[in-house]
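Below is one structure, written out as structure tokens; comments come after it.
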Protein chains: 2
Amino acid sequence: MKEITIQQNKVLDCIQEYINKTGFPPTRANICKELGFKSPNSAETHLRALEKKGFINIESGTSRGISLVNPVEIEEDGFPIIGLVAAGSPTLASENIEKTVNCPPTFFGSGFDYFLRVRGLSMKDAGIMEDDLIAVKKTQDIRNGDIVVARIEDEVTVKYFERKSPEVVHLIPANEDFKNIEIDLRETEIHIEGKSVGLIREN
Amino acid sequence: MKEITIQQNKVLDCIQEYINKTGFPPTRANICKELGFKSPNSAETHLRALEKKGFINIESGTSRGISLVNPVEIEEDGFPIIGLVAAGSPTLASENIEKTVNCPPTFFGSGFDYFLRVRGLSMKDAGIMEDDLIAVKKTQDIRNGDIVVARIEDEVTVKYFERKSPEVVHLIPANEDFKNIEIDLRETEIHIEGKSVGLIREN
DNA sequence: AATTATACTGAATATATATACAGTATATTA
DNA sequence: TAATATACTGTATATATATTCAGTATAATT
């Protein structure tokens, strides 16, 4: 943003105050009255300067057609979006990060660690569609019925979690076209990366 | 707050939209263009009714001198969550707002206006479940296949939009347990509040 | 020394805008 | 049955408003 003069700043403040007070922007005459100018052209030239410097927009030929340009906020580091990496677990290594999303940490209640972009339709009936982002919380506190991000060997998948016995775990899809994954922990190693605590869909 | 008619509500929403879009309130002519009226007096009488009922203030003799009595604060990054109101459209009036959600305005690409909490499972196969929040963008730019928030009489619903002919519109659920809603525009009035541009699920 | 930006006054004007007036029509209320 | 509210079209007009033009003056650049 370019430099601004003291007088131009007064005009800018005047516009802001006027909108706050009345709900609509001032006319040239209004600005003159507020700031003690005696000619509407005084306001006009200041407005043109403010427009040129990018502080306001002026809609030509339109009464009160002044709008404030809000400076774009510098986004903070948000939460990483991670793709389902074919081999290996979804780590937070930078090469796996698609981009980051700016949102409050408490967005999904108790907090979460990253977003995972969903591939496939195996959880369709749970309302989880392809390309959705599920908010994943890294935890081992898993209960039956939770939607978990699980890694079996080098495969990462999202499913309902059901512990059938101390040795047997079922990973259950929400789509009748897919079959349950039945795991005997004595034969196959499984690692729970975390559980889904929320979802975001960008159309 | 007193009762409000459907047409008056449209005018009220139109004013809110216009301010959000441009930064300043509309003229009578602007309202006519937005809502298809052919006489500025159509807007005028609605404005007077809204003023009488306390929804707006009108500054006499002042261009664009309309101000909303209960304006929705456009916070830096707070968006209102609105419940499906039985009677009338989901307005941004404060009594309809559940709470607000902090998230960047550009969260869902081109921007949106509010969140609507979904009731029922009529859009289940589109991955929209009960209690999900859909991000709604207020627009009349609807294409076939879009997921829209539509109001028929006093009923608000979320469905796929399909225009079959200039006079016939189908609202199609994404759930085989629900039937298509077929609307003849010559018999039944329909108002498109906006379209879904994203979704958030809080577990 | 010439140009450009800032900072005003003052007058003039095309048009953008609010608003009144005259109608038509339907539905609701007293 | 009359009165009132809603919901419009259509025309007209006083005035509110943006915007240009003609000046004056100071300070900063080129």
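Proteins get letters first, then strands, A, B, ... in listed order; numbering begins at 1 in each.
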Checklist line | Euclidean distance, atom CD1 of residue A/Ile31 to atom P of D/dT19 [Å, nearest integer] | finding: 12 Å

Notebook entry, point to check: What is the distance from NZ of A/Lys10 to C1' of C/dT6, rounded to the nearest Å?
Noted result: 14 Å

Check: Quick one: B/Arg48 CZ to C/dA20 C1', roughly how many Å, whole number?
Finding: 11 Å

Next item on the list: Would you kindly give the CZ-to-P distance between B/Arg28 and D/dA16, to the nearest whole Å?
Entry: 14 Å

Margin query: Check the phosphate of C/dA7 against A/Thr5, side-chain N and O only, distance under 4.0 Å to OP1 or OP2. Yes or no?
Written below: yes

Notebook entry, point to check: Can you tell which of D/dA7, D/dT19, C/dA7 lies closest to the side chain of A/Gln7?
Noted result: C/dA7

Next item on the list: Measure the shortest side-chain to side-chain distance between A/Leu199 and A/Leu133 over non-hydrogen atoms and say whether it is less than 4.5 angstrom.
Entry: no

Next item on the list: Indicate yes or no: does B/Lys10 engage B/Glu34 in a salt bridge with an N to O separation below 4.0 Å.
Entry: no

Margin query: For A/Lys138, is there an ion pair with A/Asp113 - N to carboxylate O distance below 4.0 angstrom?
Written below: no

Check: Does a side-chain N or O from A/Lys53 land closer than 4.0 Å to OP1 or OP2 of C/dT6, or not?
Finding: yes

Item checked: Charged N-O contact under 4.0 Å between A/Asp177 and A/Lys179 -> no

Note to self: Once you measure the plane-to-plane angle for A/Phe112 and A/Phe115, does it fall in the parallel (<30°), tilted (30-60°) or perpendicular (>60°) bin?
What the structure shows: tilted

Notebook entry, point to check: Donor-acceptor pair, A/Thr62 side chain versus A/Ser60 backbone, under 3.5 Å?
Noted result: yes

Next item on the list: Find out whether A/Ile183 and A/Val168 are in side-chain contact, i.e. whether some heavy atom of one side chain is under 4.5 Å from a heavy atom of the other.
Entry: no

Check: Which of residues 56-67 of chain B sit near DNA chain D, with a heavy atom under 4.0 Å from it?
Finding: B/Gly61, B/Thr62, B/Ser63

Note to self: Tell me which residues in residues 17-26 of chain A lie within less than 4.0 Å of DNA chain D, going by non-hydrogen atoms.
What the structure shows: none

Check: Is the shortest side-chain N to carboxylate O distance from B/Glu17 to B/Lys21 below 4.0 Å?
Finding: no

Notebook entry, point to check: Is any side-chain nitrogen or oxygen of B/Gln8 closer than 4.0 Å to OP1 or OP2 of D/dA5?
Noted result: no

Notebook entry, point to check: What about the rings of A/Phe37 and A/His46, do their centers lie closer together than 6.0 Å?
Noted result: yes

Next item on the list: Send over the distance from A/Asn9 CG to C/dA7 C1', rounded to a whole Å.
Entry: 16 Å

Notebook entry, point to check: So, do A/Val118 and A/Ile134 sit near enough that their side-chain heavy atoms are less than 4.5 Å apart?
Noted result: yes

Note to self: At a heavy-atom distance below 4.0 Å, what parts of residues 36-47 of chain B sit against DNA chain D?
What the structure shows: B/Phe37, B/Lys38, B/Ser39, B/Asn41, B/Ser42, B/His46

Notebook entry, point to check: Rounding to a whole Å, what distance do you find between A/Leu50:CG and C/dT6:C1'?
Noted result: 12 Å

Note to self: Can you measure B/Asn30 atom CG to C/dT17 atom C1' for me and round it to whole angstrom units?
What the structure shows: 10 Å

Notebook entry, point to check: Over how many whole Å does the gap from B/Glu51 atom CD to C/dA18 atom P extend?
Noted result: 13 Å

Check: Which residue, A/Lys124, A/Arg117, A/Arg201, forms the salt bridge (Lys or Arg N to Asp or Glu O under 4.0 Å) with A/Asp132?
Finding: A/Arg201

Item checked: Positive for side chain to side chain donor-acceptor pair (under 3.5 Å) with B/Arg64, one of B/Thr22, B/Thr27, B/Asn30 -> B/Asn30

